[in-house]
Visitor: 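Take this structure first; my questions come after.
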Amino acid sequence: CCRSRSSSSCASTAWRLPAPAPARTSRVALCIGIDDYGGRNSLPNCVNDATDMGACAQRIGFEYVQVLRDSTQKEIMREIRRLRDERIRPGSLVLLYFSGHGAEHEGVTYLLPRGMESFDPDDYENEAVSLNAVLKLLNSRAEGTLNLLFLDCCRANELDTTFKGTKGAAAAAPSKGAIGKDVRAKKDAQYLIGLACDPGTVALADRGSRNSRYTAALLRHLPAQGRPLEATMREVRAEVLAQTGQAQKPWENSCLTESVVLVPGQSAEQRAAQEEVQRLQREVEERDEQVRQLEATLRRLGGGGGSSW
């Protein structure tokens, strides 16, 4: 939706950088990748995705990183509970990543674990991992957390369109969102949920590469120094759209109230701007020196001692 802006306030207020985000008490990450779905349902690179995302999380400053590979529903939920009970503290930064099959059914996003006997929507509630359940677990413990969830999975509704890598698949009656109405974040908790594709569509796997398109873009852009996360996600979306011929468009659901920078330091854009400022300053200094030399010449020639610049 659009919100109007007051032109008078924009004209009278000087532009300034956002206030720095408060330091986080801890950084914890859980990365889950599922390749083994049995037979034709298996996927080529989701375990690689989770492994590489875990390594990326360590490089950008997460102190605790756990990677689950080809895990069942019980194993996934047990690890999320353990993360909540033992690792998440008030003010923690939490990263939860999933790569595998996924689906949306009746307005709820489901992450499909190893061990599902079928991909029938009737089985999702009992056999899959509900995003609603994950969010409720994250909400039930610490205050003031900042939660980043990246879901590299499909958001289709029907059995024949839920597979990663099914190009051109179209789902019937796509869901409008990833989160059920019964999920409410705590007032001081913040969330960004990154989703690999549009509601009701599929995330494309790349069988010729180590990583899927969405995860490969995340791995390239998340380590950027000094870049706000919102700008990073725009870069990820642009890259995936370009690489898939506009067939896959990543989304975000966000209630961030602060500017999140995962890797401190100057961004490439900031460095370029600073270099341009320094170049212009040198030009000004050089011109000032030229003016001083011309004025000195005029004085020697008797042409006056002042300048009318």
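Basis for what follows: all heavy atoms, side chains included, without hydrogens, waters or symmetry-related copies. Worth saying up front: this structure is predicted, and the values here are computed from it rather than measured.
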Visitor: Could you tell me the separation between the CD1 atom of I193 and the OG atom of S254, rounded to the nearest 0.5 Å?
Guide: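 I193 CD1 to S254 OG: 9.0 Å, rounded to 0.5 Å.
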Visitor: With no hydrogens and no angle check, is any side-chain donor or acceptor of N147 less than 3.5 Å from a backbone partner on V94?
Guide: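 No; judged by distance alone, with no hydrogens or angles, the pair does not exist.
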Visitor: Donor-acceptor check, side chain of D70 to backbone of D35, threshold 3.5 angstrom: yes or no?
Guide: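 Yes; at least one donor-acceptor contact below 3.5 Å.
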Visitor: Tell me, do R82 and R78 make a side-chain contact under 4.5 Å, heavy atoms counted?
Guide: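 No; the side chains remain at least 4.5 Å from each other.
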Visitor: Within the side chain of D49, is there an N or O that forms a donor-acceptor pair under 3.5 Å with the backbone of S212?
Guide: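 Such a contact is found between D49 side chain and S212 backbone.
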Visitor: Find out whether L218 and M53 are in side-chain contact, i.e. whether some heavy atom of one side chain is under 4.5 Å from a heavy atom of the other.
Guide: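 Yes, side chains in contact.
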Visitor: Before you tell me yes or no, could you show the steps for Y64 and L83 under side-chain contact (heavy atoms from CB on, under 4.5 Å), namely the whole-Å CA-CA distance, both residues' side-chain angles and the distance that decides it to 0.1 Å?
Guide: CA-CA 10 Å; Y64 175 84; L83 194 76; 3.6 Å; yes
Visitor: Taking E143 for its side chain and P90 for its backbone only, find out whether a donor-acceptor pair lies under 3.5 Å.
Guide: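 No, the answer is negative, given that no donor and acceptor are paired below the 3.5 Å cut-off.
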Visitor: Without swapping roles, check the side chain of R213 against the backbone of L204 for a donor-acceptor pair under 3.5 Å.
Guide: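 No; zero donor-acceptor contacts below 3.5 Å.
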Visitor: Would N211 and N45 count as a side-chain contact (heavy atoms from CB on, under 4.5 Å) here? Give the steps.
Guide: CA-CA 6 Å; N211 301 112; N45 43 27; 5.6 Å; no
Visitor: Taking all atoms of both residues into account, what is the closest heavy-atom pair of S259 and P228, and its distance?
Guide: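 What the structure gives for the nearest pair is OG-CB, 3.9 Å.
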Visitor: Give a yes or no on whether the backbone of T109 and the side-chain of E104 come within a donor-acceptor separation of less than 3.5 Å.
Guide: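 No; zero donor-acceptor contacts below 3.5 Å.
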Visitor: Using modelled atom types and a 3.5 Å cut-off, is there a donor and acceptor pairing between side-chain atoms of S140 and backbone atoms of L137?
Guide: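 Between the backbone of L137 and the side chain of S140 there is a qualifying donor-acceptor contact (under 3.5 Å).
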Visitor: So F98 and V134, do their side chains get closer than 4.5 Å, heavy atoms only?
Guide: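 A side-chain contact under 4.5 Å is absent here.
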Visitor: So, for I34 and C46, which heavy atoms are closest and what is the spacing to 0.1 Å?
Guide: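 I34 and C46 have their closest heavy atoms at O-CB, 3.3 Å.
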Visitor: Just verifying a value: how many Å separate E235 CD and H221 NE2, rounded to the nearest 0.5 Å?
Guide: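 Here the rounded value is 5.5 Å.
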Visitor: Look up atom CD in Q246 and atom CG in L241, then write down how far apart they are to the nearest 0.5 Å.
Guide: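 Between Q246 CD and L241 CG, I get 5.0 Å after rounding to 0.5 Å.
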Visitor: Is E252 paired with R237 through a side-chain N to carboxylate O contact shorter than 4.0 Å?
Guide: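 Yes, charged N to carboxylate O under 4.0 Å.
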Visitor: Taking the basic N atoms (NZ, or NE/NH1/NH2) and the acidic carboxylate oxygens, is any pair closer than 4.0 Å for E289 and R292?
Guide: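 Salt bridge: yes.
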Visitor: List the steps and the verdict of side-chain contact (heavy atoms from CB on, under 4.5 Å) for L229 and L222.
Guide: CA-CA 8 Å; L229 185 56; L222 284 179; 4.0 Å; yes
Visitor: Suppose the criterion is salt bridge (charged side-chain N to carboxylate O under 4.0 Å, His left out): which pairs have a residue in residues 50-64, not counting sequence neighbours?
Guide: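 Passing the test, one end in residues 50-64: D52-R210.
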Visitor: Between R300 (side chain only) and E295 (backbone N and O only), is there a donor and an acceptor less than 3.5 Å apart?
Guide: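 Judged by distance alone, no pair lies under 3.5 Å.
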Visitor: How far does CG of L135 sit from CG of L131, to the nearest 0.5 angstrom?
Guide: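 Answer rounded to 0.5 Å: 4.5 Å.
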Visitor: Any chance CD of Q58 has more than 12 other-residue heavy atoms, nucleotides or ligands included, within less than 6.0 Å?
Guide: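 More than 12 heavy atoms, drawn from other residues, nucleotides or ligands, come within 6.0 Å of this atom.
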Visitor: May I ask you to decide if G33's main-chain N or O and S99's side chain share a donor-acceptor pair within less than 3.5 Å?
Guide: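 Flag not set: sc S99 to bb G33 has no pair under 3.5 Å.
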Visitor: If I compare all heavy atoms of M77 with all of A133, which pair ends up nearest, and what's the gap?
Guide: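 For M77 and A133, the tightest heavy-atom pair comes out as CE-CB, 4.2 Å.
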Visitor: Kindly write out the residues that satisfy ring pair (Phe, Tyr, Trp, His ring centres under 6.0 Å) with F62, not counting sequence neighbours, or none if the list is empty.
Guide: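 With neighbours one apart ignored, the set is empty.
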Visitor: Search all heavy atoms of R227 against all heavy atoms of T232 and return the closest pair with its distance.
Guide: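 Heavy atoms of R227 and T232 come nearest at CD-OG1, 3.3 Å.
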Visitor: If you take all heavy atoms of P223 and I60, which pair is closest and at what distance?
Guide: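 Scanning both residues, the minimum pair turns out to be CA-CG2, 3.9 Å.
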Visitor: Decide, yes or no, whether a salt bridge links R24 with E258 under the criterion of side-chain N to carboxylate O below 4.0 Å.
Guide: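 Salt bridge flag = yes for E258 with R24.
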Visitor: How far apart are the C-alpha atoms of F150 and L95, what are their side-chain angles, what is the distance that settles it, and do they pass the side-chain contact (heavy atoms from CB on, under 4.5 Å) test?
Guide: CA-CA 8 Å; F150 299 109; L95 187 154; 4.1 Å; yes
Visitor: Once the angle between the rings of Y37 and F119 is folded into 0 to 90°, is it parallel (under 30°), tilted (30 to 60°) or perpendicular (over 60°)?
Guide: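 Ring orientation, 0 to 90° scale: perpendicular.
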Visitor: Does the side chain of L148 come within less than 4.5 Å of L93's, by heavy atoms?
Guide: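 Side-chain contact under 4.5 Å: yes.
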Visitor: Between R69 (side chain) and A50 (backbone), is there a donor-acceptor pair under 3.5 Å?
Guide: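 Flag not set: sc R69 to bb A50 has no pair under 3.5 Å.
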Visitor: Roughly how far, to the nearest 0.5 Å, is SG of C255 from CD of Q190?
Guide: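 Here the interatomic distance stands at 7.0 Å.
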Visitor: Distance only, no hydrogens: is a donor on one side chain within 3.5 Å (strictly under) of an acceptor on the other, for H105 and E125?
Guide: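 Note: H105 and E125 side chains miss the donor-acceptor criterion.
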Visitor: Tell me whether the NZ or CZ atom of R155 lies within the 45° cone about the ring axis of W251 and under 6.0 Å from its centre.
Guide: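 Verdict for W251: a cation-pi partner in R155.
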Visitor: Is the closest side-chain heavy-atom distance between Q66 and L68 below 4.5 Å?
Guide: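 Yes. Closest side-chain heavy atoms under 4.5 Å.
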Visitor: Could you tell me if the side chain of Y214 sits less than 4.5 Å from the side chain of V236, heavy atoms only?
Guide: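 Contact flag for V236/Y214 side chains = yes.
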Visitor: Identify the two heavy atoms, one from V263 and one from A224, that lie closest to each other, and give their separation to 0.1 Å.
Guide: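 Result for this residue pair: CB-O, 3.8 Å.
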Visitor: Quick one: ring pair (Phe, Tyr, Trp, His ring centres under 6.0 Å) partners of Y110, sequence neighbours excluded?
Guide: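 Y124.
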Visitor: Answer whether the closest heavy-atom distance between the side chains of L151 and L111 falls below 4.5 Å.
Guide: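 L151 vs L111: side chains touch.
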Visitor: With rounding to the nearest 0.5 angstrom, report the CG to CG distance, L192 to L256.
Guide: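 Reported value, rounded in 0.5 Å steps: 5.0 Å.
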Visitor: Is it the case that one hydrophobic cluster holds both L149 and L195, taking links as side-chain heavy atoms less than 4.5 Å apart, direct or via other members?
Guide: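 Same cluster.
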Visitor: Hey, are S92 and T145 close enough side-chain-wise for a donor-acceptor pair under 3.5 Å?
Guide: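 The answer is no; no qualifying pair exists.
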Visitor: With a 4.5 Å limit on heavy-atom distance, are the side chains of Q248 and T201 in contact?
Guide: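 Not in contact.
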